[in-house]
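Worksheet: the structure to be examined is printed underneath.
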Amino acid sequence: VNTQVSVPRRLRRRLRAAVHWVQNGKISMWHDLDQTSTSLQGRLSFLQMVHPQEALALKKRLTEVAANKPLKKKVTDSDE
């Protein structure tokens, strides 16, 4: 049926949504657990093996977020 290897559309959409969450300053979740930036990069590397253009576009969005992300001040009891 298929003439080439492909990552399922459902997984590609989840990865795109995870990048979107990170862009909006939210925590990306994967199987009800917080997804670290390293694990998201690993999943994108997996995607890059089969869909290089799509993965590179998502990785570019992540690096732009990391470059523009201001450091958040940690809230302590004395700040309140």
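Throughout, numbering of the chain's residues begins at 1 and tracks the sequence. These numbers were taken from a predicted model, which means no experiment stands behind them.
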- If two hydrophobic side chains count as joined below 4.5 Å and joins carry through other members, does Val19 share a cluster with Leu56?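 Result: no, two separate clusters.
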
- Pairs touching residues 52-61 that satisfy salt bridge (Lys or Arg N to Asp or Glu O under 4.0 Å), sequence neighbours left out: Arg12-Glu54, Arg16-Glu54

- Query: Which residue pairs pass the salt bridge (Lys or Arg N to Asp or Glu O under 4.0 Å) test with at least one member in residues 24-34, sequence neighbours excluded?
  - Reply: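 Checked against salt bridge (Lys or Arg N to Asp or Glu O under 4.0 Å) - neighbours excluded - no pair reaches residues 24-34.
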
Nearest-0.5 Å distance, [atom1] of residue [X] to [atom2] of residue [Y]:
| X | Y | atom1 | atom2 | result |
| --- | --- | --- | --- | --- |
| Leu15 | Leu40 | CG | CG | 7.0 Å |
| Gln48 | Arg43 | CD | CZ | 16.0 Å |
| Leu58 | Gln53 | CG | CD | 12.0 Å |
| Leu33 | Ser28 | CG | OG | 11.0 Å |

- Message: Keeping Ser39 on the side-chain end and Gln35 on the backbone end, is there a donor-acceptor pair under 3.5 Å?
- Response: no

- Query: Do you know which two heavy atoms are closest between Ile27 and Trp21, and how far apart they sit?
  - Reply: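 In this case the closest contact between Ile27 and Trp21 is O-CE3, 3.8 Å.
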
- Query: Can you name the closest pair of heavy atoms from Val22 and Val65 and give their distance?
  - Reply: O-CG1, 4.0 Å

- Is there a donor-acceptor contact under 3.5 Å linking the side chains of Ser6 and His51? yes

- Message: Could you go through Leu11 and Phe46, starting from their C-alpha distance and side-chain angles, then the distance that decides it, and tell me whether this counts as side chain to side chain contact (heavy atoms under 4.5 Å, CB included)?
- Response: CA-CA 11 Å; Leu11 179 59; Phe46 168 72; 4.2 Å; yes

